[in-house]
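Below is one structure; the comments refer to it alone.
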Amino acid sequence: MEILIDTILLVLLMITGFSIVRMRSLLAATMLTSIYSLLSASLFVVLDAVDVALTEAAIGAGISTILLLATIALTTDREKPPQRTPMLPLIVVIITGMALIYGTLDMPHFGNPQAPVHLHVAPAYLHDTPGEIGIPNVVTSVLASYRGYDTLGELAVIFTAGAGVLTLLGYRTRGGNSMDPGIRKLLILRVIGKLFFPLILLFALYVQFHGDYGPGGGFQAGVIFATGFILYALAFGLGNAQRLIPHQLLRIMVAFGMLLYIGVGIESMLLGGKFLEYNVLADDPVSGQHLGIILIELGVGITVASVMLMIYYVFRSRQPEGDL
Amino acid sequence: METVIYILSWIFLLGGAIFLLVGAIGILRFPDFYTRLHAVSVCDTMGAGLVLAGLMLQGGFSLVTVKLLLIFYFMIFTGPTAVHALAQAALQGKLKPVVDEHEQQ
Amino acid sequence: MSPELTVLACVALPLLAPALITALHRWPNPRETATLLTSGCLFLLVYSLHDDVLRGSRPAIDLAEPLPGLKIGFEVEPLGMLFALLASFLWIVTSVYSIGYLRSHHEWRQTSYYSYFAVALGSAMGIAFAGNMFTLFVFYELLTLSTYPLVTHAGDDNAREGGRMYLGYLLGTSIILLLLALVWTWSLTGTLDFRAGGILEGVVTPGVAGILLVLYIFGIGKAAVMPFHLWLPAAMVAPTPVSALLHAVAVVKAGVFTVLKVVIYIFGIDFLANIPVTQWLMYVAAATILLAAIVALRQDNLKLRLAWSTISQLSYIVMCALLVTPLGIVGGGMHIVMHGFAKITLFFCAGAILTATHKTRISELNGIGRHMPWTMAAFTVGALSMIGIPPTAGFISKWYILLGAIETREAVAAGVIIMSTLLNAAYFLPIVYVAFFRTPNDTLESMPGHNTRDTDGEAPPLVVLALTVTAAGTLALFFLPDLPLDLMLQLSGGSP
Amino acid sequence: MSGLLGLYNYWIVIILMMTGFYAVIARPNLIKQIIGLFIFQTSVFILFISMANIEGGTAPIIKEGIRLYSNPLPHVLILTAIVVSLATTALGLALVVRIKEAYGTINEDNIHVQDEED
Amino acid sequence: MLISDLPVLQVVIPLAAAPVCLLLRNPRHAWACALIASWLVLAIALMLVQRVHAVGTLSYAIGAWVAPWGIEYRIDMAGALMVLVVAIIGALVMPFARRSIEHEILEKCTGLFYTCYLLCLCGLLGMVVTGDAFNLFVFLEISSLSSYVLISLGSRRRALTAAYQYLIMGTIGATFILIGVGLLYMMTGTLNMVDLSQRLPEVANTRTIMAAFAFVTVGVSIKLALFPLHQWLPNAYTDAPSVVSAFIAATATKVGVYVLLRFFFTVFGMQFSFDAMHVGEILMLLAVAGILIASLVAVFQDNVKRMLAYSSVAQIGYIILGISMASAAGVSAGMIHLFNHAMIKGALFLAIGCIFLRLGSAELRDMHGLARHMPWTMAAFVAGGLSLIGIPLTSGFISKWYLASAALSGGYWPLVVLILASSLIGLIYMWRVVEVAYFHVPGTMMHKVREAPAVMLIPTWLLIGINLYVGMDASLITDITRQGAEILIGEALQ
Amino acid sequence: MFIAISAVILVAIAIGLLRAFLGPTLYDRVLAANMSGTLTVLMVAVLGFMTGRPEFLDIALVYVLISFVSTIAVLRVCGTGCGASRDPEADSGEG
């Protein structure tokens with residue numbers, strides 16, 4: 001039954017994918033990309049990957065789409081019709097696809113409980129997490145503790161993206177607090193924005209701190225947090241949003257989150273453990289793990305939220321004044 | 001009582017599904033953008049509302065219900081807001097509604 | 001100073017001299033004095049080793065070992081001693097000559113000229129004293145690179161063109177063929193040391209040895225065996241002193257010296273005698289002798305004729321080496337010295353003519369002997385030596401070569417020697433003839449201005465001094481050949 | 001053939017991947033390429049998540065009474081990969097904006113033409 | 001913090017310095033921060049090499065979670081050498097960077113430049129030391145993303161397209177690696193490289209593993225610019241700021257090669273890679289084609305940076321050629337060349353950076369008679385060039401020598417000739433520069449040109465010095481690479 | 001039963017997709033996308049019940065937010081700035 005839904009979703013994804021490639025309107029393609037992302041997120045839910053689904057929805061359907069839109073606003077929304085169908089890419093794609101399909105022939109079948117992935121390493125995570133880490137969400141325990149170093153790397157990637165976008169596009173502060181005429185007309189939007197803004201932030205906090213028990217964690221929370229501010233910026237104008245959270249503050253927060261994460265690692269080293277060994281952070285290993293995970297998730301949340309918001313600011317502040 | 005709630009929930013769910021389907025057909029079949037807005041509104045309010053209500057009945061009174069309520073709350077606000085904003089943007093973008101069948105041809 | 005340190009000093013002194021020369025670059029006189037002093041010291045140092053070597057000692061010193069089995073080290077043996085003596089002595093003379101030549105030509109970049117010259121000499125010393133093939137290769141390449149700026153000294157398109165050819169041929173052959181041979185030898189034997197009797201015997205089959213020999217002989221591009229000889233005429237764009245010292249002595253002799261070293265110390269004469277390829281290569285060398293001589297006949301440009309003659313004469317030495325008999329080796333070694341003196345004299349003369357009259361073509365030299373008697377007298381001595389007529393040095397080396405050829409019953413070699421002697425006569429004697437016995441063209445009289453200040457139209461005194469010395473040396477070596485001969489005999493272990 | 005049926009969803013995922021890959025390498029429009037990259041990467045994520053799935057399993061959040069959970073490790077990896085993909089997208093789009101400002105176009109062919117003229 | 005924490009510290013230090021750099025508003029301070037971090041990394045790298053030499057392979061379990069469950073850092077001799085390469089270049093480039101960057105990059109970007117630089121350094125180091133296939137991907141992305149930014153900072157607008165092209169190619173490569181790692185995981189259930197190598201033989205003859213192998217190889221090959229996947233490289237190196245060209249040219253592709261080595265020998269095992277998949281033959285073919293074609297293309301370039309970039313493609317061919325022989329001698333020759341080429345290219349690009357500072361151009365036609373105005377810079381360039389060609393007593397000679405002898409002992413005859421002949425092509429393109437700089441009459445614009453400042457010359461000459469030192473005494477480096485190669489090959493034989 | 005509901009939702013999503021693909025105006029596409037968002041939320045909610053783990057409603061909540069914000073973003077960011085009144089698919093503009 002799940003298989004059925006899974007199949008239908010895959011087919012829908014395929015249709016969406018083909019449409020995206022064919023679309024010559026970039027805006028439409030972006031919309032479809034957003035749908036693609038949502039659909040794949042639904043697929044993740046079907047496949048029991050709830051944390052991933054949450055992240056994919058927030059990042060793929062949310063932030064990526066918004067960034068694409070901002071880029072289209074700064075460039076153009078139309079794609080020149082291709083002059084010819086290039087053969088070489090087609091051949092490359094077919095060869096690659098064939099290689100992959102060839103590779104699938106010896107794969108363990110979908111959902112097979114005897115597949116190697118279910119027999120090695122992972123069972124230990126499932127088995128040991130309650131005892132060693134003491135939280136129910138195994139994804140969080142693997143993410144934050146067993147493979148916490150990957151997560152640090154991931155944070156560094158996001159940090160790099162933030163620094164990179166800032167380097168590339170620079171940052172311009174919006175002068176004036178007047179809202180542009182477009183916004184004045186959208187009274188409803190403003191009301192809704194005002195209504196939702198605190199709710200979203202609250203929800204972000206929930207996702208942040210509930211990550212140990214259910215789907216969620218620093219990344220998702222950070223993105224939702226940023227989404228809240230983006231909504232604010234959409235409803236009240238970039239200038240007002242920038243007054244709410246100024247760029248300098250963002251910059252400090254970006255660095256702070258990173259340093260918090262690394263600091264936890266260094267601290268555990270100073271206390272005689274290995275890098276990122278949370279056990280030594282408190283008297284009892286499990287509460288040490290708890291403390292460590294909360295701290296690093298906080299670091300992740302802060303950095304991700306501020307990087308996302310910073311990237312959005314940077315993109316939008318590139319827009320000519322009148323269009324905001 | 002249990003059974004009543006159970007049956008009620010399924011009625012809600014089925015009703016919601018029908019509204020969703022109707023709305024979906026509407027968005028496909030209606031002639032122009034403005035009419036399609038109506039179809040979507042059906043989905044957003046009646047369809048979504050009924051389905052969520054059915055689920056609430058299924059879940060009983062717990063954190064689940066709170067979350068479903070929250071979703072419902074969000075939907076009830078965001079749906080119309082989005083549709084409104086969309087309509088306004090379309091108007092601003094000089095999109096003409098199709099007034100008459102003959103005119104269209 | 002211990003002999004080991006002396007060896008080191010011999011190599012280091014000219015390599016360090018550029019620092020002094022560059023430091024003095026604003027003051028021409030002290031700068032040239034520095035060059036002269038260095039060359040003088042160098043010769044004395046080299047000479048001081050001579051007795052030891054004759055007594056049979058082999059001063060050796062190792063500096064570094066970049067790769068296992070590959071050492072940078074020096075060892076003096078008779079052949080190297082001979083080459084070092086020749087090069088260091090002629091450097092003094094050439095320095096004197098250069099001063100006169102460059103100043104009268106108002107050449108630019110004289111400082112760098114002297115600097116690179118010193119480096120080139122240092123490289124030549126390194127080649128001469130190299131204790132193993134790797135060291136030799138290093139200095140061989142260094143010599144190429146340090147002479148490149150000298151070849152392109154003029155800096156015009158012509159010079160760059162010549163320079164490219166020079167570098168292309170020499171680096172090309174050395175990297176592709178010689179280096180390949182070295183790597184191969186190393187991977188077969190694990191060493192590149194020079195050892196009496198060779199290092200390859202018993203390790204390789206004659207077939208492989210044959211391929212290796214081909215790689216070595218052609219890889220040593222400086223020996224200018226056809227078909228890798230074209231760089232030599234191309235390098236004639238260099239200033240004359242450069243052509244004189246480098247392309248008559250240091251560079252080309254380094255080439256044939258390397259051939260001799262390889263034949264004696266890498267392959268071993270006895271081993272080589274059993275390889276069929278040796279004979280074929282000897283024929284190639286023989287062909288080069290004749291072909292180059294024929295080409296030389298057709299050259300009107302004096303320096304080019306000399307260059308082609310050099311190609312021909314170099315192959316004498318290669319051929320000697322490939323006769324693989326002790327007498328041949330002696331002949332080859334002797335020919336390095338004898339040809340060095342004679343050819344440098346000839347180049348000096350060509351340069352003197354250029355300086356004095358701005359003439360480069362033989363057809364313009366009618367009657368020049370009357371204006372430049374000293375120069376042309378020296379030229380005659382050089383030419384006779386090239387032909388091998390007593391009482392000039394060339395006779396002695398040819399004699400040994402001929403003996404070697406007869407000993408091995410190589411009729412071809414003997415025939416080639418006789419043929420080429422005739423050809424030598426055919427391309428050198430006409431120059432002597434026109435210089436002394438033709439009436440001068442009127443162009444010579446009407447040459448505007450620059451030359452009339454000189455007495456009798458001779459070149460600057462320093463130039464004349466230098467060429468006189470080498471011409472005298474050519475004669476002297478006929479009467480006193482003991483010094484080189486003793487060394488060579490010690491090497492071959494036999495008696496004449 | 002029944003054995004092969006267990007692989008069909010991998011095949012669809014591969015088709016999805018190749019769709020995105022094709023858009024990246026065949027389309028001259030830079031934004032389209034970024035979108036293609038996005039689809040390509042998202043499809044790879046689906047591949048990973050598919051392999052984590054276990055028949056009859058449920059999400060890896062430990063709960064009383066549930067014995068079979070899907071594999072949490074690919075989920076963790078993909079969380080990271082999603083973030084990486086976002087970072088790439090953001091940087092790529094920033095570059096696109098700059099390219100548009102510098103060249104006035106975001107069509108690769110036109111850009112090449114302008115580069116040739118430089 | 002103890003000496004045992006060194007493996008992780010050297011990655012964490014630049015990672016921690018990056019946000020600090022972001023916070024510092026004064027570019028000078030940011031520079032100082034980056035400088036300190038990079039020199040600390042160098043110090044740690046030296047200690048690491050020494051430690052690995054003393055006690056053998058180091059293993060560090062991050063978070064104290066043991067290997068297949070946690071992420072492991074693993075440094076053997078080859079890894080230590082790579083760390084050293086990256087650290088040397090990273091540290092030497094920094095003092096050079098300040099003047100060069102002030103000249104080439106807008107002031108408001110300089111602080112961010114150092115941030116990205118540190119991230120790139122961190123990413124590269126992380127890739128080298130990690131023992132976990134997925135962690136490798138993460139750090140690969142850190143280094144890649146930051147290098148896209150660094151490249152895009154070049155002064156011409158082409159830098160943007162170059163960076164974009166690199167981004168697309170690089171991301172495709174990274175995604176391929178991700179697919180490959182995914183397939184490997186699918187068949188074995190583990191991500192740890194050592195664990196993988198133990199579990200792979202059981203499933204080695206499945207088609208899935210073959211596909212995984214192909215994807216990893218292609219993905220890494222894009223990163224290391226293996227011919228014909230090198231298209232991003234010439235543009236990127238040409239248009240990036242000089243410092244970035246030097247840093248990336250000397251390190252990024254080398255780390256890519258190292259990753260390839262890791263996968264071939266440690267993860268898949270020599271038997272699978274070379275006997276079953278015949279990757280040796282394929283790589284050899286590509287390497288040969290790359291050496292010849294890229295060298296020839298380099299000859300016709302008028303921009304010196306672009307010329308050096310193509311030469312890099314060719315030189316990567318040499319390294320791959322060594323590896324493709326699949327013998328201890330070959331691999332160690334490849335690694336020697338890897339080290340030497342990093343030093344050579346670093347020095348050459350730094351020299352070009354000096355020239356760019358004074359001349360504002362890297363075009364050959366602007367360099368007429370340059371040697372008289374910038375004698376030290378040009379001397380460094382010539383020395384580097386000679387090393388690139390492989391003249392004796394330079395490091396280039398050592399690597400050519402080893403490559404040639406490895407090819408000989410493997411019986412690859414034509415390769416020896418090719419290796420030697422192609423260094424002649426190197427001679428041609430290097431000599432074009434030498435001729436122009438030394439033997440052409442300076443143009444009128446030349447009068448204003450002065451020698452580069454000492455802070456830039458000294459790093460350049462230090463790198464040249466390393467080259468010359470290795471040329472004189474290669475025993476240290478050959479020792480290290482031999483050990484490294486033996487470990488790699490030995491592991492494969494177990 | 002939940003299966004039937006999800007199937008209906010999936011069908012509705014497919015229809016929405018069709019509209020998004022057909023256009024003809026940008027607004028139609030946005031509308032369709034918005035509807036698909038709503039439907040996805042419902043599907044996730046239903047799925048949560050179907051798999052017996054309704055606590056995953058968090059995801060549905062995020063979806064609501066995201067789809068709302070994206071819709072607004074399309075209109076605010078590109079609504080007037082991108083010449084949306086013309087349909088790009090219809091005319092052969094250039095990139």
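Treat the numbers as computed from the prediction; the structure is a model and nothing was measured. Every chain is numbered from 1 and lettered A, B, ... according to where its sequence line falls, protein lines coming before strand lines. The analysis underlying the following values was restricted to heavy atoms, covering all of them including side chains, and did not include hydrogens, waters or symmetry mates.
If you check the side chains of E:Trp31 and E:Thr110, you find no donor sitting under 3.5 Å from an acceptor.
Residues A:Gly265 and A:Ser268 share a closest heavy-atom pair of O-OG, 2.6 Å.
Residue contact with chain A, scored on non-hydrogen atoms closer than 4.5 Å, is absent for E:Ala214. Neither the backbone nor the side chain of E:Leu150 comes within contact range of chain A; no heavy atoms are under 4.5 Å apart. The parts of A:Ala99 that come within reach of chain E are both its backbone and its side chain, each placing non-hydrogen atoms under 4.5 angstrom from that chain. Residue contact with chain A, scored on non-hydrogen atoms closer than 4.5 Å, involves the backbone and the side chain of E:Ser146 alike. For E:Leu15, the parts lying under 4.5 angstrom from a heavy atom of chain A are both the backbone and the side chain. Interface remark: E:Ala18 contributes backbone and side-chain atoms alike to the contact with chain A (heavy atom separation under 4.5 Å).
Of residues 276-305 of chain A, those residues with a non-hydrogen atom less than 4.5 Å from any non-hydrogen atom of chain E are, in numerical order, A:Leu276, A:Glu277, A:Gln289. Against chain A, the residues from residues 174-186 of chain E that qualify, each with a non-hydrogen atom under 4.5 angstrom away, are E:Phe176, E:Ile179, E:Leu183, E:Tyr185, E:Met186 in number order. Residues of residues 150-170 of chain A lying under 4.5 angstrom from chain E, judged on non-hydrogen atoms, are A:Asp150, A:Leu152, A:Gly153, A:Glu154, A:Ala156, A:Val157, A:Phe159, A:Thr160, A:Ala163, A:Gly164, A:Leu166, A:Thr167, A:Leu168 by number. Residues of residues 125-143 of chain E lying under 4.5 angstrom from chain A, judged on non-hydrogen atoms, are E:Asp132, E:Phe134, E:Asn135, E:Val138, E:Phe139, E:Glu141, E:Ile142 by number.
Separation of atoms CG (A:Leu260) and CD (A:Glu267) is listed at 11.0 Å; rounding is to 0.5 Å.
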